[in-house]
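Chain identifiers are assigned alphabetically (A, B, ...) following the order of the sequence lines, protein sequences preceding nucleic acid strands; residue numbering begins at 1 within each chain.
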Amino acid sequence: MYRELQSRLTARMREYLKQQYEVDLPNIGVDQPPQVQMGEYALTFSFELAKKLRKAPRKIAEEIVAGIGPIEGFEKLEVAGAGYINARVDRAVMARDILKSGGSVAASGEKILVEHTSINPNKAAHIGHLRNAILGDTFVRMLRTAGCHVDIQNYIDNTGVQVADVVVGFLYLEKKSKSNVEKLIADPAARGNRPIDFYCWDLYAQVSGWYEQSPENKAKRLKTLHDIEQGDNEAAEIGELISTAVLRRHLETMQRLSIYYDFLPRESEILSLHFWDLAFEQLKKKGVLYLETEGKNKGCWVMKRAGTKATEVVAGEDAGPDEDAKVIVRSNGTVTYVGKDIAYHLWKFGLLGRDFGYRKFFRYSESAVFPQGHDVWISAKTGESEHPHFGGVQAIYNVIDSRQSDPQNNVIEALRLLGYTKQAEHYTHFSYEMVALTPRCAVELGYEVSEEDQQRAYIEVSGRKGFGVKADDLLDALIASAQREVDSRHPELAEDERRGIAEQIAIGALRYFMLKFTKNSVIAFDFKEALSFEGETGPYCQYAVVRGSNIFRKAGLEPEEVLAGDIDFSATAQDDIWELWLTASKLGNTVDQAIATTEPAYVAKYAFQLAQMFNNFYHRHHILTEQDERRKRFLLASAGIARRELVRALSVMGITAPSVM
RNA sequence: GGGCGCGUAGCUCAAUCGGAUAGAGCAUCAGCCUUCUAAGCUGAGGGUUGCAGGUUCGAUUCCUGCCGCGCCUACCA
C-alpha cells in the first residue's frame, strides 16, 4: 500500500516539474520524515534543483507546495527545514486501503532458478551451511511472495575430493568393504547410534590427520578420487552409498527448518552425460578458450579472466602468455571445476542442448505446505519417463559464500564471451559472508585453540578438521532450551503440544538469527547470542503475534471479522497508532527492496520493527477494557492489521508463530 | 603483488538513491506484574562513524591516500 501512494506522489511531482520548470527528474528520491507527525513521505529534490533553477531550495519547495494543487490520497504538502517537502496522506483513506490489501506485493510471473544449500555429501551440515540454506530458502519465499515461479535446486558434488576423503577413511582407516558400509548405513547399532552424517564427520576429520602421516597415505586420495570419477569399482560404489545416505540426512535436517527442494542435480551425471563435451565444443567454436603454448599453463585450455585486458596488446607482439588466465582444461586433458560449472550453467539457461535424466528421490509428506505432498527429483543417467522439467530458466540466483566469487565470476564471464550477454546479466551470485566461531565458543566446544587464534575476532569453521557446530546439534540445543521455558510456562498442555511449540520457537530463533545480519557481515557465532529468546530475536516477533492472537481469543472474535467490519478511522489522527498502521503497510515495499538488493535482512529488520511497535501499542492501549465501543473496534482493527502483516513477514522468513508461548 | 569485503556505543549489529537529532539488541543502572501473558514495557548513562584530505546545500554513505583485519588469488576439487 505504501508503495502505491509513493509512486502516485512521485509521478505527479515529476509531471509538475516538467510542466512548470522544464526539468525531468526520472528518479525522485523519497524518504520518510523523522517523525510521523511531519508526514508520511519526504521529498528532497528541491536541494538538487537549487543550482539549476538559481533559487533557494526552500523557495522552490514553497512554490511547488503552493502551485501543485491536490493529489489524490494526500491531505496536504508542507515545506520543512531548509527545503524538504513533506507529504501527508489522508490517513482514513489509506487505512481503509491497508485493511483491504495490506502489504500485498505485485505479481511478476518470471521463471527463476535459485540454487542453495549445495553441501558436499560427505559429512553433517554445520552452521555455515545453515546460513546458506536459510538465506536461500528465505529468498525463494521472497520471490514467490512477489509472484515469481521459482525452482529450487540443491547441487550435489558427489564425485569430488571431499567424498573421496571419506571413502579413503572407510577403505583404509577402517578397512571396510562395500557390504560393511551398507550395513553401517542400514543398521544404527553398527555406528553406535550416531547418524551416518555424524559418523562421517568424525571419520573425515581423522582422514585429514592420516594424510599428514605419510605420502603413501596421501597418494590414496588421488587414486580414490580417480576411481570414483571412473566408476564401476568398490571405491565408487562406497562413494555412491555414502553420498546418497548423507544427502538424505541433509534433506532431513533442512526439513526440520521447513527448507525444501525441487531438484538435486549431481556432478556424477554432469560427468556421465558428458555435459562438458558439449560445453567444450561451444567454448572452442566461439574462441572463448584457447590452447596455451607457453609459460606455466603450457598445454592447457585457458580462458581470460573477467576484468583483465587481454586485447591490451595490439602492437607489442612480445607480451608473452597471459599467466593470469584461468585454466579450464588441464594439460592432461581433464576438466577443472569451473569448466564443469560452465557446462552446468549452460544447462540451467537451456543453452547446452542436453538434459539430465530424472528420478524421484525423496518425498515430503502431506502437510500445510504441501497439501498433496511433494517429490524431490534427483539427476540420473537414465531417468523415469514421466518427470517435470527443470532448467531453461530466465534468471539464476546462486547462493554461495563470498569465497566463491572468483569462480562464479569466471562462469559469468564465460557466458558473456559465448555471446549469452542477457543470461550473464541475469546470473546473480547471491554472495554472503561465512559463519565463524568466536574463540570463546571454540573453547566451550572443547577444541584446542592456539595463542594466535585466541586473539582473533573469529575462527573459520573447517569441516576438514571437524571444527564447527553441527546444524542438528544446534537445533537440538535450541529446542531443549525452548522446551524448558514452555514446560514451566504451560504445564497444563500435553507433552507433544509443548514439544511442538518448543520446535516452532527454536526454528524461529535460528532462522531469525541467520537473517538478522546483513549478508556481507561475518557472523562470529556464539551460543549465548544464538540461544537468546529475548530482544531482537525470532521469539520476540512470535511473541508479539501470540499476544495479538490472545486479544482476539479473549474477545471471542476472529481477526478477519473485525477487519471486515465497520471501523471508525478518526483515531488514526493519533500519531503512535497511525505509525503502527503505516509500518504495517510497508511489507510489500520491504520485500521488493529485499529482492532488488538480494538482502533478506531487510525483511528481518522490518518484522522486528513491526513487532516492537506492536508491543509498544499493546502496553499503551488496553483494548479489552476500553469503554468506548467505537474506539475498541478501532484498536482491535489496529491489533489485527499489525498481527496480520507480522504473520506475513514471518512467513516470508519461514517462521510461524505458535498458538501460545 | 592483484581482486573482493570489512572497520559505527563496553560487546554484537542497523542506518533505503548521499538527507532532518547516527538507531536497535545485549550488558550496566533505576523503575513497571490484581490488567489482553514480564520471551514484555518505560527511563538513564554510553559515539571525534579507523585516520587524513576531497566532492556537495548536506557524507557513516561517494572519491583519493594511509592504518588495521578477513577472504580469494593453485593444472586440488
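Using a 4.0 Å cut-off, no side-chain N or O of A:R305 falls inside it from OP1 or OP2 of B:G2. Of the side-chain N and O atoms in A:Y540, one or more sit less than 4.0 angstrom from OP1 or OP2 of B:C41. Distances shorter than 4.0 Å separate none of the side-chain N or O atoms of A:K218 from OP1 or OP2 on B:C76. Within the 4.0 Å cut-off from OP1 or OP2 of B:C57, at least one side-chain nitrogen or oxygen of A:K51 is found. The side chain of A:N520 contributes no N or O atom lying less than 4.0 Å from OP1 or OP2 of B:G70. Neither OP1 nor OP2 of B:A24 sits under 4.0 Å from any side-chain N or O of A:K605.
Residue contacts shown for A:V660 include a base, since a base heavy atom lies under 4.0 Å away. Across all strands, A:I505 comes closer than 4.0 Å to base atoms (heavy-atom distances). A:H226 comes within contact range of no nucleotide atom at all, as no heavy-atom separation falls under 4.0 Å. The residue A:V486 sits close to a base: some heavy atom pair falls under 4.0 Å. Looking at heavy-atom distances under 4.0 Å, A:N120 makes no contact with the nucleic acid at all. At a threshold of 4.0 angstrom between heavy atoms, the contacts of A:E534 are confined to the sugar-phosphate backbone, with no base atom among them. Within the nucleic acid shown, A:E460 comes within 4.0 Å of sugar-phosphate atoms alone, with no base atom in reach, counting heavy atoms only. Across all strands shown, A:V302 has no heavy atoms under 4.0 Å from either base or sugar-phosphate atoms.
The interatomic distance linking A:M613 (CE) with B:G40 (P) rounds to 17 Å, in whole Å. Between the CZ atom of A:F533 and the P atom of B:C26 there is a distance of 15 Å, rounded to whole Å. Across the protein-nucleic acid pair, A:D406 atom CG and B:C72 atom P stand 11 Å apart, rounded to whole Å. Residue A:Q612 contributes atom CD, which lies 11 Å from atom C1' of B:G40 at whole-angstrom precision. Counting to the nearest Å, the P atom of B:G5 and the NE2 atom of A:H429 are 12 Å from each other. Between A:F614 atom CZ and B:C41 atom P there is a gap of 11 Å when expressed in whole angstrom units. Atom CD in A:E536 sits about 12 Å away from atom P in B:C41, given to the nearest Å. For A:L222 and B:C76, the CG to C1' distance is 9 Å, given to the nearest whole Å.
The same atom, P, is picked in B:G19 and in B:C71; the two are 32 Å apart, to the nearest Å. For the C1' atoms, the distance from B:U37 to B:C33 is 10 Å, rounded to whole Å. With both ends at atom P, the span from B:G7 to B:G50 equals 8 Å, rounded to whole Å. Separating the C1' atom of B:G47 from that of B:C41 is a span of 26 Å, rounded to the nearest Å. B:U34 and B:U16 are spaced 46 Å apart, taking the C1' atom of each and rounding to whole Å. Distance check on atom C1': B:C4 versus B:A9 gives 29 Å, rounded to whole Å. Distance noted for atom C1' between B:U64 and B:A30: 49 Å (whole Å). B:C66 and B:C29 are spaced 46 Å apart, taking the P atom of each and rounding to whole Å.
Distances from the side chain of A:R403 to the nucleotides B:C71, B:U12, B:C36 place B:C71 closest. Closest to the side chain of A:K296, out of B:C75, B:C72, B:U42, is B:C75. When the nucleotides B:C26, B:U12, B:G5 are ranked by their closest atom to the side chain of A:F517, B:U12 comes out on top. The side chain of A:V327 lies closest to B:C75 when the candidates are B:C75, B:G5, B:C26. Side chain of A:R489, nearest nucleotide from B:C71, B:A39, B:U37: B:A39. When the nucleotides B:A38, B:G70, B:A39 are ranked by their closest atom to the side chain of A:R547, B:A38 comes out on top. For A:F608, the side-chain atoms get nearest to B:A24 when compared with the rest of B:A24, B:G40, B:C36.
Of the possible polar contacts, none joining the A:N120 side chain to the A:N122 backbone as a donor-acceptor pair under 3.5 Å is found. Judged by distance alone, with hydrogens and angles left aside, the side-chain atoms of A:R221 form no donor-acceptor pair with the main-chain N or O of A:Y211 at under 3.5 Å. No donor-acceptor pair closer than 3.5 Å links the side chain of A:R131 to the backbone N or O of A:D401. Between the side chain of A:S532 and the backbone N or O of A:E534 there is at least one donor-acceptor pair closer than 3.5 Å.
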*Could you spell out the base pairing of RNA chain B in dot-bracket, with Watson-Crick or G-U pairs whose two distances are under 3.5 Å, [ ] crossing and | to another strand?*
(((((((..((((.....[...)))).(((((.......))))).....(((((..]....))))))))))))....
_side-chain contact (heavy atoms from CB on, under 4.5 Å) evaluation trace for A:F527 with A:T438_ = CA-CA 10 Å; A:F527 277 103; A:T438 60; over 6 Å; no
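For B:C17, the O4'-C1' to base torsion is within 90° of 0; the nucleotide is therefore syn. Here B:C33 is in the syn range [glycosidic angle within 90° of 0].
Between A:H345 and A:Y427, the angle of the ring planes lies from 30° to 60°, which puts this pair in the tilted group. Note on ring orientation: taking the six-membered ring where Trp is involved, the planes of A:F513 and A:F517 are perpendicular (angle over 60°, cut-offs 30° and 60°). Using cut-offs of 30° and 60° on the angle between ring planes, the pair A:Y618 and A:F614 is tilted.
Heavy atoms from other residues, nucleotides or ligands lying under 6.0 Å from CD of A:E561 number more than 12. Heavy atoms of other residues, nucleotides or ligands lying less than 6.0 angstrom from CD of A:E492 number more than 12.
Between A:P407 and A:V338, the residue anchored nearer the 5' end of RNA chain B, judged by the nucleotide with its closest heavy atom, is A:P407. In terms of position on RNA chain B, the residue among A:V522 and A:N550 whose nearest nucleotide sits closer to the 5' end is A:V522.
In summary, the aromatic rings of A:Y344 and A:Y155 are positioned with their centroids under 6.0 Å apart.
Under 3.5 Å, the side chain of A:S331 and the base of B:C75 form at least one donor-acceptor pair of N or O atoms.
Checked for salt-bridge contact, A:K605 and A:E536 meet the test: a charged N lies under 4.0 Å from a carboxylate O.
A donor-acceptor pair shorter than 3.5 Å can be found between the side chains of A:Q162 and A:Y204.
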_B/S/- contact track for nucleotides 17-22 of chain B, protein heavy atom under 4.0 Å_ = B-BBB-
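Residue A:T159 forms a side-chain contact (heavy atoms from CB on, under 4.5 Å) with just one option from A:L225, A:I270, A:I228, and that option is A:I228.
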